[in-house]
Amino acid sequence: MKKLLLNIYETLHRVYGPQHWWPARTRFEIIIGAILTQNTAWSNVEKAIANLRRERLLTPDGIKKTRKSKLARLIRPSGYYNVKTDRLKDFVNYFYSAYGGSLRRMFSCDTAKLRRELLGVKGLGRETADSILLYAGKRPVFVIDAYTTRVLSRHGIIRDNDDYDQIQSIFTENLPADYLLFNEYHALIVRLSKEACRKRPNCRACPIADLF
DNA sequence: GACCAGGCACATC
DNA sequence: GATGTGCATGGT
C-alpha cells in the first residue's frame, strides 16, 4: 500500500504539476472558505468570499462585529446561508474566547489538542477541522472529502461503507507525516476527480488507471 | 426541471 | 452506531 500510494502521488504530480492549494489569500480566508464550502460547489463559495472581501469583512473582527442578517445576505450565494452564518459566528466566538482572535496563538497549539477543540465547535466536523489544520495550520493531517472518497472507492482502495477515520488512516499509516506532501496529495486528488473521475467517469483520461 | 456540489447537526431507532 | 432529514444556492 505504501508503494501504491506513493506511485499514485508521483504520477499525479508528474501529470498535473503542483496545485498551489488552498486557493485563498490569508489563513483566515482559508478557514472561512472551509466552512462555506461544506456540501457546496467552490464557484458559489467564491462569490460569497468576494462579497465579504468587498465589504472588508474577511477578518476575525469583521465576522465578529457584523450582524447576522448582513452576513447571511453577503454569503447567500454559497447556500445554506442561515446555517453557515451561525457557523461563522460560532467559530469566531470560539476563536476569540480561546485565542483572543490570534491565529498565531491558535496555531501554536499541539495538533491533536487543536483538532479536538475544533471538533467541539458546532459546525466544524472532521473534514472542515482537518482542512483548517492542513491548509491554514500547515499540519500533516490528511483531508478526506467527497473527492478523496470517490477516487479511492473507484479504484477499489476503500469500500463504500468505510468511514472517515478508516479512510484517513490509510494515508496516515502509509505516508510520511509531511505537511507539503499531504497538501499537494489532496489537491491532486481533487484535480484528478474533477478531470476524470466524476459521476460519469472518463477512465481513459485517468492517469493512475495503469497503476493497479 | 432534475441533478449535483470539497458537510454537519439533530432526531430517532 | 446506523439511518434519515433539513439546510439552499448556482451551474449543467
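Note that the coordinates shown come from a computational prediction; the quantities given were computed from them, not determined experimentally. Just so we're on the same page: letters track the sequence lines, and every chain starts at 1.
Under the rule for a side-chain contact (heavy atoms from CB on, under 4.5 Å), the partners of A:Lys138 that lie at least two apart in sequence or sit in another chain are A:Tyr179. Residues satisfying the side-chain hydrogen bond (donor to acceptor under 3.5 Å, both in side chains) test with A:Glu127, not counting sequence neighbours, are none. With sequence neighbours excluded, the residues satisfying side-chain contact (heavy atoms from CB on, under 4.5 Å) with A:Asp162 are A:Ile158, A:Arg159, A:Gln166, A:Ile167. Under the ring pair (Phe, Tyr, Trp, His ring centres under 6.0 Å) criterion, A:Phe28 pairs with no residue, sequence neighbours left out. Remark: A:Phe171 engages A:Phe142, A:Tyr185 in a ring pair (Phe, Tyr, Trp, His ring centres under 6.0 Å) (not counting sequence neighbours).
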List, one per line, each side-chain donor-acceptor pair under 3.5 Å for residues 117-125 of chain A, sequence neighbours excluded.
unit_1, atom_1, unit_2, atom_2, d
A:Glu117, OE1, A:Tyr94, OH, 2.6
A:Glu117, OE1, A:Tyr99, OH, 2.8
A:Glu117, OE2, A:Tyr99, OH, 3.2
A:Glu117, OE2, A:Lys113, NZ, 2.7

Result block: side-chain N/O donor-acceptor pairs under 3.5 angstrom for residues 3-18 of chain A, not counting sequence neighbours:
unit_1, atom_1, unit_2, atom_2, d
A:Thr11, OG1, A:Asn7, O, 2.8

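In the hydrophobic clustering, A:Val83 connects to A:Tyr80, either directly or through intervening members, whenever side-chain heavy atoms lie under 4.5 Å apart.
Side-chain atoms of A:Asn183 and A:Trp21, non-hydrogen and from C-beta on, do get closer than 4.5 Å to each other. A:Ile157 is listed as a side-chain neighbour of A:Met1, based on a closest heavy-atom distance under 4.5 Å. Residues A:Lys84 and A:Leu71 have side chains not in contact (no heavy-atom distance under 4.5 Å, counting atoms from C-beta outward).
Going from the P atom of B:dC3 to that of C:dT5 covers 16 Å, rounded to whole Å.
In this entry the distance linking CZ of A:Arg198 with C1' of C:dG11 reads 11 Å, nearest Å. Rounded to whole angstrom, the span from the NZ atom of A:Lys84 across to the C1' atom of C:dA8 amounts to 8 Å. At whole-Å resolution of the value, CG in A:Asp165 and P in C:dG1 are 11 Å apart. Between A:Asp160 atom CG and C:dA2 atom C1' there is a gap of 16 Å when expressed in whole angstrom units. Between the CG atom of A:Asn39 and the P atom of C:dG10 there is a distance of 16 Å, given to the nearest Å.
At a non-hydrogen distance threshold of 4.0 Å, nothing from residues 11-26 of chain A comes into contact with DNA chain C. Residues from residues 66-83 of chain A with heavy atoms under 4.0 angstrom of DNA chain C, sorted by number: A:Arg76, A:Pro77, A:Gly79, A:Tyr80, A:Tyr81, A:Asn82, A:Val83. For the segment residues 41-51 of chain A, residues with any heavy atom less than 4.0 angstrom from an atom of DNA chain C are, sorted by number, A:Asn44, A:Lys47.
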Worksheet item: Where do A:Thr148 and A:Asp145 land on the side-chain hydrogen bond (donor to acceptor under 3.5 Å, both in side chains) test, with the steps shown first?
Response: CA-CA 5 Å; A:Thr148 313; A:Asp145 57 10; 2.6 Å; yes
Worksheet, complete the sentence: In 5'-to-3' order, the base (B), backbone-only (S) or no-contact (-) status of each nucleotide in nucleotides 8-13 of chain B, using a 4.0 angstrom heavy-atom cut-off, is BSS---
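Backbone-only engagement by A:Arg150 is indicated by non-hydrogen atom pairs under 4.0 Å involving sugar-phosphate atoms exclusively.
The side-chain contact (heavy atoms from CB on, under 4.5 Å) test with A:Leu57 is passed by exactly one of A:Glu55, A:Arg54, A:Arg53: A:Glu55.
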